[in-house]
Amino acid sequence: MRGVARLLLLLAAPALGACGGGGDGRPNVILFLIDTLRADHLSCYGHAANTTPNLDAFAREGILFENCWAQAPQTAPSHATLFTSTEPAAHGIWNDVPSPSGEVLHPALADGAVTLAEVLRDAGWRTAAIADGGWLIPERGLDQGFEHFESRTRGVVDRVQRGLEWLEDNADRGRPFFLFLHTYEVHTPYLPPPGYEDRFAADYRGPMREVLARARAYAASPEIANPLTDVQKKIVNPALAEADEADTAFVAALYDAELSLVDEQFALLIGWLRVHDLLDRTILIVTSDHGEEFAEHGEFGHKQVYEECLRVPLLIRLPGGPRGLRRRDPARLLDLAPSLLAELGLEPPAAMAGRDLAWRGGDLGLDADGFVAETNHPRRQAAWRSGGRKVVLRLGPDRGGQVFDLAADPDEKRPMDEPDWIGRARTALEAYHELATDRREKFGLQPRLQGLEDLDPEQRAELAQLGYVDQ
Ligand SMILES: [Zn+2]
């Protein structure tokens with residue numbers, strides 16, 4: 001958003017009273033986004049292993065949404081939805097868009113899109129993003145609204161350290177701040193610090209231990225320019241193709257080990273805020289953009305729309321807010337920006353599609369209305385939830401579908417013979433696409449399409465590390 005509209009929004013910003021907030025009395029906001037984190041691997045979401053003692057303690061001080069859904073199982077579309085509160089089908093920021101000529105394109109968020117950071121910046125917040133590279137780059141338009149934007153793949157230890165440095169320099173300087181802090185730590189390749197794996201898989205003696213040793217040695221090779229680039233592809237993926245149940249459990253334990261590292265780093269952030277008397281002047285949100293699958297439905301990664309890829313954590317601590325509140329009603333990442341703006345007393349931009357979740361207590365009734373998630377590549381899939389049912393739709397030439405009762409079958413292992421639900425889901429998906437298309441046209445959200453040649457070599461190398469592109 002540019003020019004006059006910004007000025008008008010600035011003038012329209014309500015003057016909030018002094019309520020124990022940031023530099024000018026309004027609360028600070030930190031959005032800590034742990035990329036690729038499925039909800040059910042946090043112990044506070046019921047995981048058997050004790051992965052997240054610090055996040056669990058944090059959850060007890062605030063609000064935990066048990067059923068938050070991402071609207072897409074990939075980084076770029078999900079972040080664009082989180083930032084703009086518009087559907088992936090409206091903003092079009094998919095990770096990849098295959099063109100008819102066979103080229104894979106990487107769309108950038110339209111200038112006309114209005115992001116959460118833009119709204120906060122224009123209302124007086126100091127805005128910053130410290131992100132872990134990958135698709136979180138200006139070339140995808142995801143820097144819109146951040147006065148300070150830095151994004152390089154460095155891991156959670158470095159990113160939290162950078163976040164604390166930024167806070168040292170910028171907190172309490174007359175304006176409240178909005179800090180978006182992002183890490184890819186639990187994304188592939190899973191290479192936790194040596195020994196962390198034994199917190200979760202001390203008894204495993206199978207072949208994946210040797211694969212982990214080789215992957216670590218390869219990643220540390222000083223003679224290879226971008227060693228992480230090939231770890232997953234050359235070393236881990238061939239082993240995954242042969243993995244049995246115990247091997248797969250070990251791979252999931254490596255993910256848990258990395259989550260355990262993230263949890264420790266989160267404790268540093270919380271500790272810093274407490275010591276600097278900022279915790280009770282800051283709205284702190286922890287969430288993820290999508291989950292991760294460990295062969296529950298035949299694949300690794302995050303390319304499908306089963307629960308392991310869509311259900312993400314959502315933890316919120318509000319100054320003076322509820323403690324230990326567990327919300328069971330469904331929430332969407334789409335709703336996060338409007339809910340935060342409502343909490344801050346700011347009007348959401350007209351283009352935002354999400355609703356105010358009324359964090360302190362309420363129920364949007366989303367389950368009755370139904371809601372959608374989808375993915376476009378490498379194959380098209382959509383999911384629709386309503387009335388306790390979940391429908392997984394295949395949208396390619398094979399137009400099949402599966403119906404699940406999530407209460408009775410939360411792991412989605414027993415599809416039901418209910419073809420009428422598949423028909424209802426297709427109708428709902430069509431209506432959703434119509435609404436999204438209208439939103440795109442009405443608010444100028446048509447994305448800019450671009451090829452990889454628009455990225456600098458270091459960015460390409462980092463994307464290859466994460467397995468998103470061939471270098
Ligand atoms: Zn992601």
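Counting starts at 1 for both ligands and their atoms, following the listed order.
Note: H41 and F294 meet the aromatic proximity criterion, with ring centroids under 6.0 Å apart.
When you scan the N, O or S atoms of D35 for the one nearest the Zn ion (ligand 1), you land on OD1. When distances from the Zn ion (ligand 1) to the N, O or S atoms of D289 are compared, OD2 comes out shortest.
Salt bridge status for R328 with E66: present, with a side-chain N to carboxylate O gap under 4.0 Å.
For R440, there are no salt bridge (Lys or Arg N to Asp or Glu O under 4.0 Å) partners two or more places apart in sequence or in a different chain. Applying the side chain to side chain contact (heavy atoms under 4.5 Å, CB included) criterion to A436, with sequence neighbours excluded, gives E87, A89, A90.
For the Zn ion (ligand 1), the set of nearby N, O or S atoms under 2.8 Å includes none belonging to H79. Under 2.8 Å from the Zn ion (ligand 1) lies no N/O/S atom of Q74, from backbone or side chain alike.
Between F146 and F83, the ring planes lie perpendicular to each other; the angle is over 60°, past the 30° to 60° tilted range.
Remark: at the Zn ion (ligand 1), atom NE2 from H290 and atom OG1 from T75 enclose 110°, rounded to the nearest 10 degrees.
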